[in-house]
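Here is the structure we will look at, set down as structure tokens.
In the text below, chain A, chain B and the rest are named by the order of the sequence lines, each starting its count at 1.
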Amino acid sequence: MRYWLMKSEPDDVSIDDLAAMPKQTVAWYGVRNYQARNFMRDQMEVGDQAFFYHSSCAKPGIAGIVRISKAAYPDVTQFDPKSPYYDPKSTSEDPRWLNVEVKLERKTRLVSLTELRTHPELEQMRVLQKGNRLSITPVDPAEWDFVTRTLIGAP
DNA sequence: GCCAACGTTGGC
DNA sequence: GCCAACGTTGGC
């Protein structure tokens, strides 16, 4: 069982959008980076928990907690010429891109990026490292505990 | 296999 | 909109 941080642009899918989805579940489509894909393919398991992180927006930060509800399978948007995530080099026989599905566990207060940066306990967190661009990053259990217990608190 | 050019990410 | 950092592409 592992912990993760998954970035989403709230203009695309926000924590409130997820809360409004049927079954509060959404396919994590659109990942077009091999390292992030490999995390989903090789390491993510149903039941893993992840921070739902708002990126590329006015208030970047952790907005909720989700759980992996379905293991990786081919991302349908790669085959759709109308999708911004279309990949003409990918074929259904040998799909290049995958997605898992996640289910909302709970919405949290917005723990901003600037707040995360103030805590020495989180210095090593992948998402805080300079130049980090990965949309899916592993979260150390100690970091997970610190954020959930100390910063977010009980539901 | 190298590496320059180019495209993307994402905070500010 | 800017720009640093990084990934990908493609010529050689």
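In this structure A:F146 satisfies the ring-ring contact (aromatic ring centres under 6.0 Å, His included) test together with A:H119, sequence neighbours excluded. Looking at residues two or more places apart in sequence or on another chain, you find a side-chain contact (heavy atoms from CB on, under 4.5 Å) between A:A142 and A:D140.
Between A:Y53 and B:dT9 there is no side-chain polar atom (N or O) within less than 4.0 angstrom of OP1 or OP2. Regarding contacts with the backbone of C:dA4, every side-chain N or O of A:K130 stays at 4.0 angstrom or more from both OP1 and OP2.
In this structure, A:L110 atom CG and B:dG11 atom P are separated by 12 Å, rounded to whole Å. Between the CG atom of A:N132 and the C1' atom of B:dT9 there is a distance of 10 Å, rounded to whole Å. Computed from coordinates, the A:I136 CD1 to B:dT9 P distance equals 14 Å when rounded to whole Å. The nearest whole Å value for the distance from the NZ atom in A:K7 to the P atom in B:dT9 is 10 Å. Following rounding to the nearest Å, A:Q35 (CD) and C:dA5 (C1') show an atom-to-atom distance of 14 Å. Nucleotide B:dG11 holds its P atom 13 Å from the CG atom of A:D11, rounded to whole Å. Spacing between atom CG of A:L128 and atom P of B:dC12 amounts to 11 Å, rounded to whole angstrom units. Distance, A:M125 CE to B:dG11 P: 13 Å, rounded to whole Å.
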Report, one pair per line, the protein and nucleotides 6-8 of chain B atoms (nitrogen or oxygen only) whose separation is under 3.5 Å.
residue	atom	partner	partner atom	Å
B:dT8	O2	A:R133	NH1	3.1

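Seen from the ring of A:Y73, A:K70 counts as a face-on cation partner, given the 6.0 Å and 45° thresholds.
Residue pairs that meet the salt bridge (Lys or Arg N to Asp or Glu O under 4.0 Å) test with at least one member in residues 10-27 of chain A, sequence neighbours left out, are A:D16-A:K107.
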Which side-chain N or O atoms in residues 122-129 of chain A pair as donor and acceptor under 3.5 Å with protein atoms at least two apart or in another chain?
residue	atom	partner	partner atom	Å
A:Q129	NE2	A:E123	O	2.7
A:Q129	NE2	A:Q124	O	3.4
A:Q129	NE2	A:M125	O	2.9

Donor-acceptor pairs under 3.5 Å, side chain of residues 50-59 of chain A to any protein atom, not counting sequence neighbours: which ones?
residue	atom	partner	partner atom	Å
A:H54	NE2	A:I15	N	3.1

